Amino acid sequence: MNKFWERLLAIDRRIIFVVIFLALSVPIFLQIGLPIPVTSEVQILYDALEDLSRGSRILVSCDFDPGSEPELQPMTEAAFKYFIENDLKFVIIGLWPQGPIQANRAIEDINESEDDFIVENGDTLYFGEDIVVVSGDTARYGIDFINLGFQVGQELVIQRMGTSFEATFPTDKRFGLSQKEFPIMDGIYRLADFDFVFNLSAGYPGTTEWVQFAVDRFHVPVGAGNTAVQAPLAYPYLDTGQLSGILGGMKGGAEFERLVGHKARATLFMTSQTMAHIFVMLFIVVGNLAFFATMRKSDKQGLKR
Amino acid sequence: MRREIPLILTGIVGITFFIQFFVPHSPMRELSETFSDWYSIISAFAIWLGALNLMKISFEKVYKKDKDWFFAITTIVTFFLILIVGLFFSGGRQYLEQGSGFDWLYRNIYSPLSATMFALLAFFVASASYRAFRARNAQATVLLLAAFIVMAGRTPFGDWITIYLPEGWRLSNLSNIIMNYFNVAGQRAIMIGISLGVVSTSLRIILGIERSHLGGE
């Protein structure tokens with residue numbers, strides 16, 4: 001029996017890798033739906049968004065890169081769908097250089113439009129990727145959403161936006177035109193002119209900086225979507241009311257998808273995450289059992305000597 | 001003067017930002033705005049400086065045939081590939097649009113490689129949890145139990161195995177208690193400690209007492 005435990009303790013780590021690979025990949029193909037209860041922190045964020053009136057303007061700061069895509073991209077997509085369906089206008093920026101690119105990808109992925117143009121009152125207005133259609137609702141570039149790109153300067157970018165938004169983001173990313181030429185930017189002079197900030201963050205600069213500057217300094221409500229690793233760091237801001245809700249990791253994303261009524265990738269990936277957690281817990285139990293079994297044996301041998 | 005001028009600049013800028021926080025009026029507001037713009041410009045140059053430094057180190061590594069010099073070639077080739085494709089073969093300002101050369105590289109090379117590196121964590125965490133996560137003493141046991149509850153409680157599995165218990169005792173609820181109370185208390189203590197450290201270090205830098213960032217002794 002002891003040899004069994006010893007062998008188990010010295011198991012080749014590649015076997016563990018294979019088990020985890022199967023635990024993560026098989027559920028994706030099985031497409032099992034698991035019940036996902038909504039936690040209070042996600043509900044707070046959803047309620048804050050529900051409280052916004054139609055036409056409200058939201059600043060979306062995408063502060064992540066493809067490394068965090070599995071966790072944060074589904075949240076981004078679900079949020080954009082929600083904004084479009086509820087007629088909330090959104091301005092995309094990034095404190096990470098890859099963030100606005102990820103936002104572009106999210107918009108392309110949620111777009112159900114196959115038309116190249118849209119006609120209003122007999123005039124052809126917008127072409128190709130300038131239109132985003134989600135469940136029959138249409139969003140137009142420059143009117144309902146805009147991408148102002150990345151700005152270098154970490155938290156000082158937030159501080160500068162507090163006094164002048166145009167000085168921080170003078171042009172849009174797609175056409176290089178002055179942001180003032182787009183109707184969505186009418187009346188936006190500084191950060192406080194936004195009704196809400198939604199920050200998707202994978203590290204620094206991210207949610208902590210948005211709370212410290214946007215919330216504490218300029219009194220703009222901020223909600224956040226974080227990676228599971230980073231989310232615990234943001235929890236203290238929930239209690240104090242500095243953060244208007246948080247989506248933590250894949251689970252937060254799945255809960256948000258449930259609330260907005262668009263079950264997508266986060267919900268699907270939750271099965272994989274659940275399986276991986278189960279196996280990691282099993283590994284811990286088996287590893288500890290083997291450890292104590294072999295330790296007891298070595299203790300006994302020590303006593304005999 | 002090589003040390004004095006940076007010290008004077010740091011002092012002026014630091015004190016300006018400090019006062020501006022409490023007195024957000026003219027002329028402190030304009031001064032802090034100017035300094036913020038300077039910061040953005042200097043940061044933009046710093047990106048180029050970093051890129052050039054990376055190239056210098058990589059070229060030196062290849063030239064001297066240092067350890068792992070082959071990887072330096074990969075760095076140089078990919079750096080120039082993305083730079084050239086982005087600048088000259090991606091439609092100018094439209095370089096981020098779907099279908100451009102830069103977008104193709106981003107989607108098909110950078111994005112999967114970046115996600116792969118991050119995904120490797122799952123495998124190493126699983127392996128480490130099997131080999132190193134032991135209940136050797138009371139503290140380690142508490143840590144292990146907390147990890148267990150949070151891991152199970154953050155998935156539907158946690159509720160599934162405790163469905164027959166009263167709602168307050170279900171793993172999802174216990175996990176929320178750990179995250180919202182124990183975690184928050186610990187994080188707050190760490191944040192306050194860090195903040196006090198940042199304040200004292202910042203004051204030392206602004207007043208010119210701390211000079212290690214200028215190089216030398």
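Predicted, not measured: the structure shown is a model, and the values here were computed from it. Convention: sequence-line order gives letters A, B, ...; per-chain numbering from 1. The basis for the numbers below is simple: all heavy atoms, side chains too, and nothing from hydrogens, waters or symmetry mates.
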Subject >> Met151(B) portion near chain A, given a 4.5 angstrom heavy-atom threshold >> reply: both
Original post:
Which region of Ile41(B), side chain (C-beta onward) or backbone (N, CA, C, O), has a non-hydrogen atom less than 4.5 Å from a non-hydrogen atom of chain A, or is it both or neither?
Top reply: neither
Original post:
Is it the side chain or the backbone of Tyr181(B) that comes within 4.5 Å of chain A heavy atoms, both, or neither?
Top reply: neither
Original post:
Side chain, backbone, both or neither: which part of Thr274(A) has a non-hydrogen atom closer than 4.5 Å to chain B?
Top reply: both
Subject >> Interface moiety of Phe279(A) toward chain B, non-hydrogen atoms closer than 4.5 Å >> reply: neither
**OP:** For side-chain contact (heavy atoms from CB on, under 4.5 Å), just list the numbers for Val19(A) and Tyr130(B), CA-CA rounded to whole Å, side-chain angles, deciding distance to a tenth of an Å, and then say yes or no.
**Re:** CA-CA 12 Å; Val19(A) 172; Tyr130(B) 183 70; over 6 Å; no
Subject >> Heavy atoms from other residues, nucleotides or ligands near OH of Tyr204(A) exceed 12 (cutoff 6.0 Å) >> reply: yes
Subject >> Side chain / backbone / both / neither for Glu30(B) at chain A, heavy atoms under 4.5 Å >> reply: neither
Original post:
Between Glu41(A), Lys173(A), Glu69(A), which shows the greatest number of heavy-atom pairs under 4.5 Å with chain B?
Top reply: Lys173(A)
**OP:** Tell me, for Asp216(A) versus chain B, whether the close heavy atoms (under 4.5 Å) come from the side chain, the backbone, both or neither.
**Re:** neither
Original post:
Rounded to the nearest 0.5 Å, how far apart are CG of Leu34(A) and CG of Asp159(B)?
Top reply: 11.5 Å
Original post:
Counting heavy atoms not belonging to Phe21(A), are there more than 12 under 6.0 Å from its CZ?
Top reply: no
**OP:** List the atom of Phe292(A), the atom of Ala135(B), and the distance in Å for their closest heavy-atom pair.
**Re:** CZ-O, 3.1 Å
Original post:
Going through the distances and angles, do Gln154(A) and Tyr39(B) end up as a side-chain contact (heavy atoms from CB on, under 4.5 Å)?
Top reply: CA-CA 10 Å; Gln154(A) 292 88 29; Tyr39(B) 181 83; 3.0 Å; yes
Subject >> Derivation and outcome, side-chain contact (heavy atoms from CB on, under 4.5 Å), residues Met295(A) and Arg134(B) >> reply: CA-CA 12 Å; Met295(A) 200 172 72; Arg134(B) 303 273 185 260; over 6 Å; no
**OP:** Check the pair Val229(A), Leu121(B) against side-chain contact (heavy atoms from CB on, under 4.5 Å), reporting the backbone distance first and the verdict last.
**Re:** CA-CA 12 Å; Val229(A) 172; Leu121(B) 269 179; 6.0 Å; no
**OP:** Identify the two heavy atoms, one from Ser36(B) and one from Arg160(A), that lie closest to each other, and give their separation to 0.1 Å.
**Re:** CB-CD, 3.6 Å
**OP:** Check whether Asn288(A) gets within reach of chain B through its side chain, its backbone, both or neither, counting any heavy atom under 4.5 Å.
**Re:** both
Original post:
Measuring from Ser195(B):OG to Gln212(A):CD, what's the distance to the nearest 0.5 Å?
Top reply: 7.0 Å
**OP:** Could you have a look at Pro156(B), Ser172(B), Ala122(B) and say which one has the most heavy-atom pairs with chain A under 4.5 angstrom?
**Re:** Pro156(B)
Subject >> Residue pair Gln187(B) / Leu233(A): nearest heavy atoms and the distance that separates them >> reply: OE1-CD2, 3.2 Å
Original post:
Quick one: what part of Met270(A) sits under 4.5 Å from any heavy atom of chain B, side chain, backbone, both or neither?
Top reply: side chain
Subject >> Straight-line distance of Arg13(A) CZ to Phe124(B) CZ, nearest 0.5 Å >> reply: 6.0 Å
Subject >> Interchain contact, Ile15(A) with chain B, by part (heavy-atom threshold 4.5 Å) >> reply: neither
Original post:
With only heavy atoms counted, which part of Leu289(A) is less than 4.5 Å from chain B, the side chain, the backbone, both or neither?
Top reply: neither
**OP:** Measure Ile47(B) against the heavy atoms of chain A and call it side chain, backbone, both or neither at under 4.5 Å.
**Re:** side chain
Original post:
With a 4.5 Å limit on heavy-atom distance, are the side chains of Val285(A) and Phe148(B) in contact?
Top reply: yes
**OP:** Sort Phe35(B) into side chain, backbone, both or neither according to what part of it lies under 4.5 angstrom from a heavy atom of chain A.
**Re:** neither
**OP:** Let me know if Gln98(A) has heavy atoms under 4.5 Å from chain B in its side chain, its backbone, both or neither.
**Re:** both
**OP:** With a 4.5 angstrom heavy-atom cut-off, could you sort out which part of Pro37(A) is near chain B: side chain, backbone, both or neither?
**Re:** side chain
Subject >> Approximate separation, where rounding is to 0.5 Å, of Met191(B) CE and Thr208(A) OG1 >> reply: 6.0 Å
**OP:** Give the minimum heavy-atom separation between Arg131(B) and Ile11(A), together with the two atoms involved.
**Re:** NH2-O, 2.6 Å
**OP:** Evaluate whether atom OH of Tyr110(B) has more than 12 neighbouring non-hydrogen atoms of other residues, nucleotides or ligands under 6.0 angstrom away.
**Re:** yes
Original post:
For the atom pair CG (Leu120(B)) and CZ (Phe17(A)), what is the distance rounded to the nearest 0.5 Å?
Top reply: 8.5 Å
Original post:
Among Ser111(B), Ala147(B), Ala115(B), Ala119(B), who wins on heavy-atom pairs under 4.5 Å with chain A?
Top reply: Ser111(B)
Original post:
Where do Phe283(A) and Ala126(B) come nearest, in terms of heavy atoms and distance?
Top reply: CD1-O, 4.1 Å
Original post:
Rounded to the nearest 0.5 Å, how far apart are CZ of Arg105(A) and CG of Asp103(B)?
Top reply: 7.5 Å
